[in-house]
Undergrad: 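Structure in structure tokens, see below.
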Amino acid sequence: FKDRIFGELFSENLFMANGLGIGFGTNFQYLTNESQNKMYEVAEKNPNFATGLGQGIGTIFQYFNEPQRKKIISIIF
């Protein structure tokens, strides 16, 4: 199931990629550092996922602690 979601559905369905990005983005602060880094890697490869991830992170950005904010800003800029 995981391979199918992140494989064919993810690459062929922009809405699936965007929705997953939003979901991961709004829960970003609860992901491990390893998972957060993986989300950045996926976002670099898939613009629809990146859009969703940005929407999700942007929604909760104010709730991040200072180190998390600096990390996100350093990746973006």
Side-chain angles (χ1 to χ4, degrees):
F1 182 75
K2 176 183 162 188
D3 291 337
R4 186 160 186 262
I5 292 277
F6 284 100
E8 63 186 74
L9 284 176
F10 191 76
S11 61
E12 294 174 9
N13 188 328
L14 66 100
F15 301 107
M16 173 71 82
N18 186 267
L20 284 171
I22 292 170
F24 281 118
T26 55
N27 291 287
F28 197 77
Q29 63 190 6
Y30 304 111
L31 298 175
T32 63
N33 283 335
E34 182 180 336
S35 294
Q36 289 178 359
N37 291 335
K38 180 66 176 169
M39 295 302 111
Y40 293 132
E41 289 174 19
V42 173
E44 288 179 352
K45 297 175 186 172
N46 188 311
N48 297 309
F49 181 82
T51 299
L53 188 66
Q55 288 174 329
I57 290 173
T59 300
I60 63 164
F61 189 77
Q62 63 186 339
Y63 302 110
F64 287 139
N65 61 36
E66 191 64 27
Q68 289 173 319
R69 287 182 187 172
K70 286 182 179 180
K71 180 180 178 183
I72 291 169
I73 290 171
S74 71
I75 290 169
I76 295 171
F77 300 104

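What you are looking at is a predicted structure, and each value in this text was computed from that prediction instead of being measured.
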Undergrad: Excluding sequence neighbours, so at least two apart, what forms side-chain hydrogen bond (donor to acceptor under 3.5 Å, both in side chains) with Ser35?
TA: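 With neighbours one apart ignored, the set is Thr32.
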Undergrad: Measuring from atom CD of Glu34 to atom CE of Met39, what distance do you get when rounded to the nearest 0.5 angstrom?
TA: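 Between Glu34 CD and Met39 CE, I get 10.0 Å after rounding to 0.5 Å.
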Undergrad: Between CG of Leu53 and CD of Gln36, what distance do you get to the nearest 0.5 Å?
TA: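 Answer rounded to 0.5 Å: 9.5 Å.
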Undergrad: Kindly work out whether a path of hydrophobic side-chain contacts (I/L/V/M/F/W/Y, heavy atoms less than 4.5 Å apart) joins Ile22 to Tyr63.
TA: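 Each belongs to a different hydrophobic cluster.
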Undergrad: Under 3.5 Å, which donor-acceptor pairs do the side chains of residues 67-77 form with other protein atoms, sequence neighbours left out?
TA:
unit_1	atom_1	unit_2	atom_2	d
Gln68	OE1	Asn65	N	3.1
Arg69	NE	Phe64	O	3.2
Arg69	NH2	Gln62	O	2.7
Lys71	NZ	Asn37	OD1	3.4
Ser74	OG	Lys70	O	3.3
Ser74	OG	Lys71	O	2.7

Undergrad: Is the shortest side-chain heavy-atom distance between Val42 and Lys45 below 4.5 Å?
TA: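 Contact flag for Val42/Lys45 side chains = no.
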Undergrad: Side chains of Asn18 and Gln55: closer than 4.5 Å at any heavy-atom pair?
TA: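 The answer is yes; the side chains approach within 4.5 Å.
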Undergrad: By side chain to side chain contact (heavy atoms under 4.5 Å, CB included), which residues pair with Asn48, not counting sequence neighbours?
TA: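 Checked Asn48 against side chain to side chain contact (heavy atoms under 4.5 Å, CB included); matches are Leu14, Ala17, Asn46.
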Undergrad: Distance from Asn27 atom CG to Tyr30 atom OH, nearest 0.5 Å?
TA: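 Between Asn27 CG and Tyr30 OH, I get 7.5 Å after rounding to 0.5 Å.
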Undergrad: Taking all non-hydrogen atoms of both residues, which atom of Ala50 and which atom of Ala43 are closest, and how far apart?
TA: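 Smallest interatomic distance, heavy atoms only, reads CB-O, 3.5 Å.
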Undergrad: Would a line drawn from the ring center of Phe28 to the ring center of Phe61 be shorter than 6.0 Å?
TA: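 No, too far apart.
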